[in-house]
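The figures here come from the full heavy-atom set of this structure, side chains too, leaving out hydrogens, waters and symmetry mates. Residue numbers start from 1 in every chain, and the chains themselves are labelled A, B, ... in the order their sequence lines are given, proteins ahead of strands. As the structure is a prediction and not an experimental result, all values here were calculated from the model.
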Number of protein chains: 2
Amino acid sequence: MEDETGQRIVPEAIRRTSRPAEHHAGNRYGNRPTMKDVAARAGVGLKTVSRVVNGEPGVTPDTERRVQEAIDALGFRRNDSARVLRKGRTASIGLVLEDLSDPFYGPLSRAVEEVARAHGTLLFNGSSAEDPEREQELALALCARRVDGLVVIPAGDDHRYLEPEIKAGVATVFVDRPAGRIDADVVLSDNYGGARDGVAHLIAHGHRRIGFIGDMPGIHTAEERLRGYRAAMEDAGIPVEDAWMSLGVTDPERVRRAAEEMLRGPAPVTAIFAGNNRVTVTVIRVLAGQTRQVALVGFDDIELADLLQPGVTVVAQDAAALGRTAAERLFRQLDGSLVTPERVELPTRLITRGSGELPPAD
Amino acid sequence: MEDETGQRIVPEAIRRTSRPAEHHAGNRYGNRPTMKDVAARAGVGLKTVSRVVNGEPGVTPDTERRVQEAIDALGFRRNDSARVLRKGRTASIGLVLEDLSDPFYGPLSRAVEEVARAHGTLLFNGSSAEDPEREQELALALCARRVDGLVVIPAGDDHRYLEPEIKAGVATVFVDRPAGRIDADVVLSDNYGGARDGVAHLIAHGHRRIGFIGDMPGIHTAEERLRGYRAAMEDAGIPVEDAWMSLGVTDPERVRRAAEEMLRGPAPVTAIFAGNNRVTVTVIRVLAGQTRQVALVGFDDIELADLLQPGVTVVAQDAAALGRTAAERLFRQLDGSLVTPERVELPTRLITRGSGELPPAD
DNA sequence: CTGAAAGCGCTTACAG
DNA sequence: CTGAAAGCGCTTACAG
């Protein structure tokens with residue numbers, strides 16, 4: 001059978017009785033056995049069960065066996081939520097990023113996860129969708145769960161709402177962009193230097209009329225990259241014309257228009273510096289439709305960039321290193337070895353593949 | 001200053017006193033205020049604080065104001081971990097996938113997150129790294145935290161370890177591949193039909209010697225796709241030769257050798273069906289180095305596939321739909337409206353972009 | 001070696 | 001409208 005969305009639904013053979021309704025409807029975690037139940041069944045005290053479950057010494061082999069049998073018979077699994085309530089640390093951290101589905105955040109998340117795992121810590125993950133309110137809502141919900149720490153890729157520019165949490169001991173590290181209006185650890189790429197190097201690379205290949213398409217000013221990374229662009233131009237003694245710059249929302253339609261604009265007229269740009277991966281992709285599409293060859297350097301690496309014709313030259317960030325560094329700092333805050341908020345800048349890497357080495361068309 | 005890894009570390013101005021050591025070292029969540037503290041300060045009972053915090057009726061405006069003031073003064077935030085212990089449901093679910101950094105799982109994770117969010121539920125995320133032991137370790141750690149449910153992309157093929165948890169009421173949905181040796185909900189793509197359609201597409205464009213490079217048999221998706229390949233060939237009355245098939249580990253080196261092998265000899269394949277996105281990418285690289293034109297259809301879409309020359313024809317899965325469907329089923333299990341384990345198959349989509357429409361070279 | 005009591009920070013059920 | 005008592009499932013501190 002097939003429903004209206006094209007799904008095909010096949011009932012599986014039912015090899016066991018279907019789950020009783022009370023397991024769903026009831027609370028108490030479906031009436032799971034507790035240490036008390038195990039203790040009763042094994043005929044021992046609660047603390048003895050706790051000792052066995054946690055591998056603490058001081059239990060005779062015979063007692064241990066009896067307890068273990070009760071555990072197995074009942075299918076007991078320790079409730080770590082209760083444990084954590086008593087112990088203080090929840091052994092969980094939260095990662096608030098912009099969009100889980102953005103490929104840039106995959107390696108970053110994975111790196112955070114690996115560090116967390118090495119510390120016996122679980123990871124909550126959530127997207128702010130670039131909405132400051134949603135970021136706050138998510139971050140505070142995680143704090144209410146008493147995560148030990150928070151790695152935040154900020155959407156908003158005012159993080160004072162986190163001040164009480166940080167004071168209360170929630171370790172906090174910002175990534176990619178600094179925190180707004182509070183003093184906090186931040187790990188980010190050298191956006192200024194990376195953009196400057198990328199633009200200088202174009203200049204070194206003979207370009208003077210170089211376009212810049214970037215995100216809205218107000219976004220820290222966008223500002224830094226624009227600053228890098230201006231610095232490279234100034235270093236080369238090239239006065240920047242307004243017509244060469246497009247700053248704003250980076251939806252494909254807008255980027256397309258901006259690129260086409262720059263490529264029109266009597267003195268069009270001969271090269272474009274794209275401010276982030278989404279812009280780069282759109283610009284590639286625009287350039288594919290041009291007869292004239294236009295050089296391109298993009299900020300952020302993109303997959304398969306080397307397979308395109310020409311290969312796409314980029315200023316690459318190391319997303320995994322951002323995540324790893326941030327998570328390591330988080331745990332250093334937690335163990336008390338890091339107290340002063342710092343700003344850590346990771347270097348970017350210029351990867352030349354062809355598009356950035358094209359000479360000016362005129 | 002710059003350290004050995006090239007990191008630049010800049011101490012931030014310290015606008016507030018650095019966090020006292022006891023906030024890090026101590027447990028008790030850094031001595032955070034509790035409802036009891038709020039009650040004492042406001043001069044009311046515990047339950048009254050609870051009422052205000054939870055917006056329950058039956059508190060005079062005056063009392064409410066006093067409580068609210070105490071909350072603000074103390075920086076109180078309800079401990080949802082404690083709340084959850086008492087209430088039974090943790091309002092959290094876990095997502096165990098193969099690799100957070102794999103772009104295929106980005107949209108899937110995001111879709112699960114959105115459904116969870118709509119249900120006021122937080123999401124734990126973790127990677128199995130294709131290691132069945134790590135999958136089990138992670139899934140059981142999440143169960144110990146008493147997540148309400150689990151979405152699992154299985155790495156292993158024996159999930160009996162989850163049986164006690166499922167019986168105890170942990171909602172469980174498998175995605176991408178079915179559970180092993182237990183009867184459980186599963187949401188996956190129509191791997192068989194997708195592969196069959198893709199191969200039939202190549203046949204329709206005149207190919208007869210068609211190579212198949214896929215993952216190890218034993219992996220469910222790999223087997224289904226191979227079955228689809230065989231079915232399409234059989235439908236066309238083409239006997240498959242062993243030399244046209246490569247099944248096994250899909251690391252780039254091995255895939256490269258396999259592809260080159262197929263393209264050698266007196267009767268080389270004129271088209272290749274690639275069993276997954278990683279294989280496709282490697283095959284593209286191999287084909288780029290060939291003088292002869294070889295047709296290609298890949299399972300799974302890849303980014304920028306349309307910008308390559310020729311564009312890459314693929315059988316696309318809808319990763320977001322997989323995640324969304326799985327999460328929705330999870331919550332339907334939780335609310336009791338879904339009791340019988342089912343297998344839901346989502347259709348795939350053939351996207352023609354050029355590489356699959358090339359005629360045979362001979 | 002073993003266990004009863006108190007407590008983690010909340011909510012539930014009940015009584016005033 | 002308000003609150004004291006009991007309890008969620010564990011661990012801690014202590015006593016036998």
Respond yes when some side-chain nitrogen or oxygen of [X] is under 4.0 Å from OP1 or OP2 of [N], and no when none is.
| X | N | answer |
| --- | --- | --- |
| B/Asn79 | C/dC8 | no |
| B/Lys87 | C/dT12 | yes |
| B/Thr63 | D/dC1 | no |
| B/Thr48 | D/dC1 | no |
| B/Ser50 | C/dT11 | yes |

Please enumerate all residues that pass salt bridge (Lys or Arg N to Asp or Glu O under 4.0 Å) together with A/Glu113, with sequence neighbours excluded.
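Partners of A/Glu113 by the salt bridge (Lys or Arg N to Asp or Glu O under 4.0 Å) criterion, ordered by chain and then number, come out as A/Arg110, B/Arg134.
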Partners passing salt bridge (Lys or Arg N to Asp or Glu O under 4.0 Å) against B/Glu133 (at least two apart in sequence or in another chain):
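So B/Glu133 forms no salt bridge (Lys or Arg N to Asp or Glu O under 4.0 Å) with any residue.
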Once you round it to whole Å, what is the distance between [atom2] of [N] and [atom1] of [X]?
| X | N | atom1 | atom2 | answer |
| --- | --- | --- | --- | --- |
| B/Arg77 | C/dC10 | CZ | P | 12 Å |
| B/Leu46 | C/dA13 | CG | P | 16 Å |
| B/Arg145 | D/dG9 | CZ | P | 17 Å |
| A/Asn54 | D/dG9 | CG | P | 17 Å |
| B/Arg146 | C/dC10 | CZ | P | 21 Å |
| A/Glu56 | D/dA13 | CD | P | 12 Å |
| A/Arg66 | C/dC1 | CZ | C1' | 12 Å |
| A/Lys36 | C/dG3 | NZ | C1' | 15 Å |

In terms of the nearest nucleotide of DNA chain D, which residue is placed more toward the 5' end: A/Lys47 or B/Ala82?
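Closer to the 5' end of DNA chain D: B/Ala82.
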Other residues, nucleotides and ligands only: do more than 12 of their heavy atoms fall within 6.0 Å of CG on A/Asp131?
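Enclosed.
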Looking only at N and O atoms, is any donor in the side chain of [X] or the base of [N] less than 3.5 Å from an acceptor on the other one?
| X | N | result |
| --- | --- | --- |
| B/Arg51 | D/dG3 | yes |
| A/Arg86 | D/dG9 | no |
| A/Arg83 | D/dG9 | no |

Atom of B/Arg146, atom of A/Arg78 and distance for their closest heavy-atom approach
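So the two residues come closest at NH1-O, 3.6 Å.
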Quick one: closest heavy-atom pair of B/Arg89 and B/Leu334, and the distance?
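Minimum heavy-atom separation between B/Arg89 and B/Leu334: NH2-O, 3.1 Å.
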Check whether the side chains of B/Asp335 and B/Ser337 place a donor and an acceptor atom closer than 3.5 Å, and report yes or no.
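Distance-only check passes for B/Asp335 and B/Ser337.
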Evaluate the criterion side-chain contact (heavy atoms from CB on, under 4.5 Å) for residue pair A/Glu163 and A/Arg181; output intermediate values, then yes/no.
CA-CA 10 Å; A/Glu163 237 164 5; A/Arg181 314 192 67 169; over 6 Å; no
Indicate the ring-plane relationship of A/Phe331 and A/His119, choosing parallel, tilted or perpendicular according to the 30° and 60° boundaries.
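Ring orientation of A/Phe331 relative to A/His119: parallel.
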Using a heavy-atom cut-off of 4.0 Å across all strands, would you classify A/Arg78 as base, sugar-phosphate, or nothing?
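A/Arg78: backbone/sugar contact only, no base atoms under 4.0 Å.
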Counting the atoms with a prime plus P, OP1 and OP2 as sugar-phosphate, which does A/Asp80 contact under 4.0 Å by heavy atoms, base, sugar-phosphate, or nothing?
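No contact.
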How does DNA chain C look in dot-bracket notation if pairs are Watson-Crick or G-U with both distances under 3.5 Å, crossing ones as [ ], other-strand ones as |?
|||.||||||||.|||
